[in-house]
Amino acid sequence: MSFSIRRSLSVLVLAVALFTLTPTAHAAQKIKIASVSWTGVTIKTELAVSLLKSIGYDAENVVLSVPIAYAAMSTGDVDAFLGNWMPSMANVADKFFDNGTVIKYAPNMPGAKYTLAVPTFCAEAGLKDFSDIARFGDKLDWKIYGIEPGNDGNQIIQAMIDADMFGLGKFKLVQSSEVAMLSQVQSYAAQGKWIVFLGWAPHRMNERIDMTYLTGSTDETFGPDDGSATVWTNVRKGFAEDNPNVAKLLKNMVFPVPMMNQIMTAIKNDKSLNFRTAGLKWLKANPATWEAWLDGVTTADGKPAAPVFKAYLESR
């Protein structure tokens with residue numbers, strides 16, 4: 001074989017290799033994070049996406065329902081999810097953890113809460129525990145208010161009704177959305193009307209509504225310790241191996257409950273702020289948080305990430 005032919009073949013092999021490898025290398029830079037239409041999860045996701053973009057990644061917030069988010073992670077269509085409330089979400093998530101298609105990965109918010117709640121005047125009148133709900137069925141119009149269809153909290157409530165747990169067999173689950181449900185609660189509370197609804201912390205509802213969380217949750221409902229929860233960051237199988245730098249960042253990203261409450265309150269008080277801008281404003285005022293997040297993390301091209309993100313924040 002002549003030198004020119006060998007050279008031509010070598011160039012062809014190299015070109016084919018580059019053509020084959022380039023999309024894979026590029027794909028590793030595209031990060032898709034699933035979120036659901038909950039205030040806290042949206043704030044966390046928008047912050048993660050903004051931070052990743054600032055250090056050179058092509059990142060995207062993909063809004064899905066909870067079941068679809070897990071299905072998408074299991075097939076590799078999205079990479080991560082920052083809203084795995086446990087133990088209440090176990091009925092949705094555990095099968096994916098068990099088959100290995102989704103990795104539980106890292107806690108991002110300890111000290112959360114997720115369970116049924118009532119306006120405080122209802123609790124003061126005797127509706128304090130899950131076992132009290134049925135006694136006040138007429139006052140409650142035999143309804144329990146949840147959020148969007150497919151949500152894990154709704155599934156827990158429906159399972160309680162279907163199994164007649166705590167005598168709830170006559171109740172109906174009302175599904176809507178976070179915004180619609182909270183609007184209903186605020187309207188009822190202002191009128192002195194009774195209502196049982198799905199509540200959680202952190203959320204600005206805890207500041208806007210004089211509310212009380214019910215006791216009595218069990219392993220079969222919202223978990224022990226009256227619905228106390230830990231929120232986890234989940235990733236698809238193989239994500240940490242494919243994207244070790246981004247995986248390190250996601251593991252570092254912890255969102256204390258007071259931080260989230262402050263951001264949510266800022267959004268309510270300043271209509272010019274959205275989820276992303278309110279979160280970035282909080283980070284700018286609290287640099288120790290993002291400095292810890294970026295410990296050991298680099299930009300997409302391998303440079304220290306902290307100075308780049310600092311410059312990004314200062315330009316906002």
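In this text the structure is predicted, and so the values were computed from the model without any measurement.
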Side chains of residues 98-106: which donor-acceptor partners sit under 3.5 Å, not counting sequence neighbours?
from: N99; atom 1: OD1; to: T101; atom 2: N; distance (Å): 2.9
from: N99; atom 1: OD1; to: T101; atom 2: OG1; distance (Å): 2.7
from: N99; atom 1: ND2; to: K95; atom 2: O; distance (Å): 3.3
from: Y105; atom 1: OH; to: A247; atom 2: O; distance (Å): 2.9

Determine, using the 4.5 Å side-chain heavy-atom cutoff (strictly less than), whether V41 and V254 are members of one ILVMFWY cluster.
no
Hey, quick one: are L47 and L313 part of the same hydrophobic cluster, counting side-chain heavy atoms closer than 4.5 Å, chains of contacts allowed?
yes
Near K303 NZ, under 6.0 Å, is it more than 12 heavy atoms from other residues, nucleotides or ligands?
no
Atom CD1 of residue position I68 - does it have more than 12 heavy atoms of other residues, nucleotides or ligands inside 6.0 Å?
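It does not: I68 CD1 has 12 such atoms or fewer within range.
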Euclidean distance, [Y] [atom2] relative to [X] [atom1], rounded to 0.5 Å:
X    : Y    : atom1 : atom2 : result
D242 : K237 : CG    : NZ    : 11.5 Å
S131 : L168 : OG    : CG    : 10.0 Å
T230 : W85  : OG1   : CH2   : 10.0 Å
C122 : Y188 : SG    : OH    : 11.5 Å
M211 : I195 : CE    : CD1   : 11.0 Å

Measure from the side-chain N and O atoms of [X] to the backbone N and O of [Y], and report whether any donor-acceptor pair falls under 3.5 Å.
X    : Y    : result
S217 : G223 : yes
K44  : L82  : yes
D295 : A292 : no

Donor-acceptor side-chain pairing of E46 and N61 below 3.5 angstrom:
yes
Side-chain donor-acceptor contact under 3.5 Å, Q158 with D162:
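Short answer, yes.
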Suppose we screen for side-chain hydrogen bond (donor to acceptor under 3.5 Å, both in side chains). Which residues come up paired with N274, at least two apart in sequence or across chains?
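Counting only residues at least two positions away or on another chain, N274 forms a side-chain hydrogen bond (donor to acceptor under 3.5 Å, both in side chains) with T277.
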State whether K32 and D79 are salt-bridged, where the test is any N-O pair (Lys NZ or Arg NE/NH1/NH2 against Asp/Glu carboxylate O) under 4.0 Å.
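D79 and K32: not salt-bridged.
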Test side chain to side chain donor-acceptor pair (under 3.5 Å) on T39 and T42 and set out the steps.
CA-CA 5 Å; T39 302; T42 304; over 6 Å; no
Side-chain contact test, heavy atoms from C-beta onward, threshold under 4.5 Å: evaluate it for L249 versus L52 and give yes or no.
yes
Contact check, side chains of F222 and K113, non-hydrogen atoms, under 4.5 Å:
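F222 vs K113: side chains apart.
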